[in-house]
Amino acid sequence: MTVVQKYGGTSVGSVERLRNVARRVAARAAEGEQLAVVVSAMGKTTDELLALARQVNPRPPRRETDLLMATGEMVSSALLTMALVDLDCPAVALTGAQAGMFTDDSFGRARIRGIDTWRVEEELAEGHVVVVAGFQGQSPQGDYATLGRGGSDTSAVALGVALRATQVEIYTDVQGIYTTDPRIEPNARCLRDIASEEMLEAAQQGAGVMHPRAVELGLLYDIPILVASSQAEFGSGSGTLIHREVQMEPENRVRTIALDRDVASVTLRHVPDRPGIAAQLFGPLADAGISVDTIVQNASELNLTDLTFTVSKGDCDQTEELSRPLAGALGAADVLFKHDLVKVSLIGTGMQSGPGYAATMFRSLSEAGINIELITTSEIRITCLVQADRGEEAVRVLHSAFRLDEEI
Ligand code: ASP
Ligand code: MG
């Protein structure tokens with residue numbers, strides 16, 4: 001049986017830590033399992049490489065930026081392999097391309113098109129631990145392409161899917177997935193398990209532990225993902241399992257609360273209400289590659305409507321540039337941009353069947369004097385946009401209102 005492990009940047013952040021990871025991997029390999037290990041770049045390497053690029057060119061070409069960033073993971077995979085060999089654990093390091101990771105050519109945010117696993121499988125069959133450089137693949141032209149920041153989670157899950165691994169194990173610097181970020185709420189609990197759909201919502205709503213695309217792949221191919229600390233003993237039962245079947249809790253409840261700081265909102269005020277306005281506005285944004293998150297359109301009064309949507313902060317400037325003339329063309333009275341908002345989301349499959357979650361959320365926030373700027377929901381999520389300086393407090397208020405600190 002094959003297991004895919006992934007170690008994040010912090011876990012391989014120094015020689016000492018790399019050697020520690022090597023000891024863990026070697027011990028696991030000695031149990032007889034076939035092991036593929038995906039690594040991130042050491043510590044803050046990727047940031048440092050990007051900073052270096054900007055020193056020589058404030059707008060570095062995307063292709064070469066990917067080539068440069070890809071070296072970070074090559075360094076850590078080569079070093080981890082050397083450390084394994086030093087422990088008499090047969091191992092081989094492969095770049096993403098050597099491991100058969102094929103991507104498209106959208107540099108900086110490439111998508112995996114397919115994985116040709118022959119080389120990895122051959123090495124595994126020969127008894128090698130295969131150490132794969134995460135975050136990278138080969139474009140159709142044979143260039144290095146990277147998967148977007150945090151992308152080695154996606155490499156690991158994709159490799160797990162392609163190898164039909166029993167489980168993908170993501171080792172990181174936290175204990176697992178929590179009821180909320182423990183840096184915000186010290187009473188947050190580490191969850192034993194979480195449904196893949198819940199984890200996907202949480203990852204999309206800012207729970208930074210795992211890359212959303214990795215969770216999406218896990219959900220799509222139904223592969224269990226364990227998130228655990230790279231310090232914890234394997235088999236100690238610690239960590240959080242992300243999988244389809246979650247043990248039903250005796251009471252349906254909220255599973256986790258996410259805080260997303262990466263949000264900016266745009267409001268077009270008093271747009272004449274006629275067919276096609278949404279298409280005229282969102283078409284050009286989509287063409288520019290801007291992904292729009294929440295969209296709210298008010299019921300119109302006197303044929304004028306307000307339209308609000310959110311984008312990530314990184315897309316903010318471009319959105320402003322595009323939406324000002326569009327707002328003019330649509331006949332909007334004015335257009336407002338807000339950068340000082342955050343999203344607070346309650347997530348839990350249990351909320352589908354139980355009433356009252358939204359009411360409790362709104363009441364708790366109002367009792368704390370926190371104003372809700374905008375509300376959106378999915379089947380298993382309720383999100384409120386609030387002022388950025390009240391976001392952490394909102395998380396704490398809701399964590400206690402839904403008694404997430406209590407094990408039931
Ligand atoms: N090294 C890359 C980054 O810092 C990929 C990763 O760590 O997953 O974003
Ligand atoms: Mg990471």
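Atoms within a ligand are numbered from 1 in the order they appear, just like the ligands themselves.
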* Scan for salt bridge (charged side-chain N to carboxylate O under 4.0 Å, His left out) pairs involving residues 72-84, sequence neighbours excluded, and state none if there are none. =>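 Counting only pairs at least two positions apart or across chains, no salt bridge (charged side-chain N to carboxylate O under 4.0 Å, His left out) contact touches residues 72-84.
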
* Asked: Among the heavy atoms of Gly151, does any lie under 4.0 Å from an atom of ligand 1?
  ->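 Contact present.
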
* Strictly under 4.0 Å, does any heavy atom of Glu73 approach an atom of ligand 1? ->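 Flag set, Glu73 near ligand 1.
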
Taking N or O atoms only and a 3.5 Å limit, does [X] qualify as a polar contact for ligand 1?
| X | answer |
| --- | --- |
| Asp153 | no |
| Lys6 | no |
| Gly150 | yes |

Under 4.0 Å to a heavy atom of [X] - the qualifying atoms of ligand 1, by number:
| X | value |
| --- | --- |
| Ser40 | 6 (C), 7 (O), 8 (O) |
| Arg149 | 3 (C), 4 (O), 9 (O) |
| Ser152 | 5 (C), 6 (C), 7 (O), 8 (O) |

* For the pair Asp262 and Lys343, find out whether any cationic side-chain nitrogen is under 4.0 Å from an anionic carboxylate oxygen. =>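 Between Lys343 and Asp262 there is no salt bridge, as every charged N stays at least 4.0 Å from the carboxylate O atoms.
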
* Asked: Is there a side-chain contact between Leu67 and Asp143, using heavy atoms and a 4.5 Å cut-off?
  ->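 Answer no - side chains too far apart.
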
* **Qualifying side chain to side chain donor-acceptor pair (under 3.5 Å) pairs with a residue from residues 378-397, counting only residues at least two apart or across chains** =>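 Only Glu201-Ser378, Glu201-Arg381, Arg261-Glu392, Ser345-Thr383, Glu373-Gln387, Arg381-Thr383, Arg390-Glu393 qualify under side chain to side chain donor-acceptor pair (under 3.5 Å).
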
* Asked: Looking at Tyr144 versus Phe107, is the centre-to-centre ring distance below 6.0 Å?
  ->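 Centroid distance Tyr144-Phe107: not below 6.0 Å, so no.
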
* Under 3.5 Å, side chain of Thr180 to main-chain N/O of Ile257, donor-acceptor pair present? ->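 Such a contact is found between Thr180 side chain and Ile257 backbone.
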
